[in-house]
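Notes follow once the structure below has been shown.
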Amino acid sequence: MKKQFLIIGSFLTFGFGFSQNTFPTSANTAVGIGTGTTAVPGTGGLRLKVTSGVANTSGVQLTNLTSASPTTTGLLGKALSVNATGNLVLVPVANSDLDTSIYNTDGTLSANRTVNMNAKNLTFNPTNANSQFFINGTNGNVGIGNLLPSMKLDVNGGLKVSRSLIDGQTYANATTAYDAASLLKIGNDVANSGMLSYYDFPASNFTNNQSLSMLHIDDRNDFRRFGTYAYTGGRSGMELMDKTQNWVFNIHEDNDVVNMNLWKSNSHFIIGGTATGTVPYALWVKTGTSQFDRNIFAGENIGIGTSSFTDGTDTYRLSVNGAIRAHRVKVYTTWADFVFEKDYDLPTLEEVEKHIKDKGHLIDIPSAKTVEENGIELGEMNKKLLQKIEELTLYVIELNKEVKELKSKNN
């Protein structure tokens, strides 16, 4: 009887243990393992609660789970997941499976990433109105403060670019504030810069201890075609250069002094219109009038109503086709006082009479035909007229002597 009792006891003990691992099947029944109570609160739909009682230990271990897919090289590892039939399985975890949502967490990219927008637009809306950052998912146009960008970069508002001199690069490179378009080589010891470049030089011995800003536009041959510069609190300038890097035009100012230069020998400055065909003049005012409040200096000739400055073998600095009016005209020339010199050969009145009869004009005076065809030199003509007056004076003196002598004889 004793042996039989032990068998029955063992059976009861086994049956008790089996009943403790049978989970209830009735609705809304909760099960607790290691919780110290058979009643588990069902708050929030909780049906199973496992407590190990040891910190940092879950109290649950799953072993020999089957992977949902084979191991792949380069994966971060595996994670526990639920398959389509509701079974717990291990699944591989790749970099692309990480949660990199900018709304949930910060992160660092471990490799290059490409966002396929599939014709969907991307818009960042800050708190300030009309300051969105927008990317068109179809054409790639980017708008800043503009939701309808018509170009690759369309900015509605100001654009500010700045850079501090914080590294040991060459001076020009370290102060490049902005580069755009194709990168070109400048010299032998300066790194590539854009066809459109802006430089912000801090004060140093390179800039006469003044801060300096410069804007350059270069062509694809790395030749500067346009540039500006400005010293803080100092002079500034602008220049235009040709395809061979020679100056075409520049203007510089320093306080009240302004210089503007057209460097080409065949330069033309046209006011009041555009050139038609070959421009005949270096300075051409096509409409209106021109006024010069200060002196005018001409290195060569001035023509008024004419562009001809020659008359025979003579070249005239001022040539006027029309009348000239003036309150005074001063001419520098030689004079006719040689008539009063002792060796002057004064023509006799008989010689003068004969010349008039033969030539029709006074000795040394041009004829009417000559004057009409060639004009006269004012200075030279005044001298000849004076010469005749002085000769007449000598004739009068001689006649006066003869009259006095006759009066003396008659008395």
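Side chains are part of it too, since the values below use all heavy atoms of this structure and drop only hydrogens, waters and symmetry mates.
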Within 6.0 Å of CD in Glu373, more than 12 heavy atoms from elsewhere: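 More than 12 heavy atoms, drawn from other residues, nucleotides or ligands, come within 6.0 Å of this atom.
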
Indicate yes or no: does [X] engage [Y] in a salt bridge with an N to O separation below 4.0 Å.
X      : Y      : value
Asp364 : Lys384 : no
Asp242 : Lys264 : yes
Lys409 : Glu405 : yes
Lys354 : Glu351 : no

For the residue pair [X] and [Y], establish whether any side-chain heavy-atom pair is separated by less than 4.5 Å.
X      : Y      : answer
Ile363 : Ile365 : no
Pro347 : Glu391 : yes
Asn246 : Trp263 : no

Exercise: do [X] and [Y] side chains pair donor with acceptor under 3.5 Å:
X      : Y      : result
Thr232 : Gln210 : no
Asn374 : Thr370 : no
Tyr395 : Glu390 : no

Aromatic plane relationship, Trp247 with His252 - under 30° parallel, 30 to 60° tilted, over 60° perpendicular: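 His252 vs Trp247 ring planes: perpendicular.
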
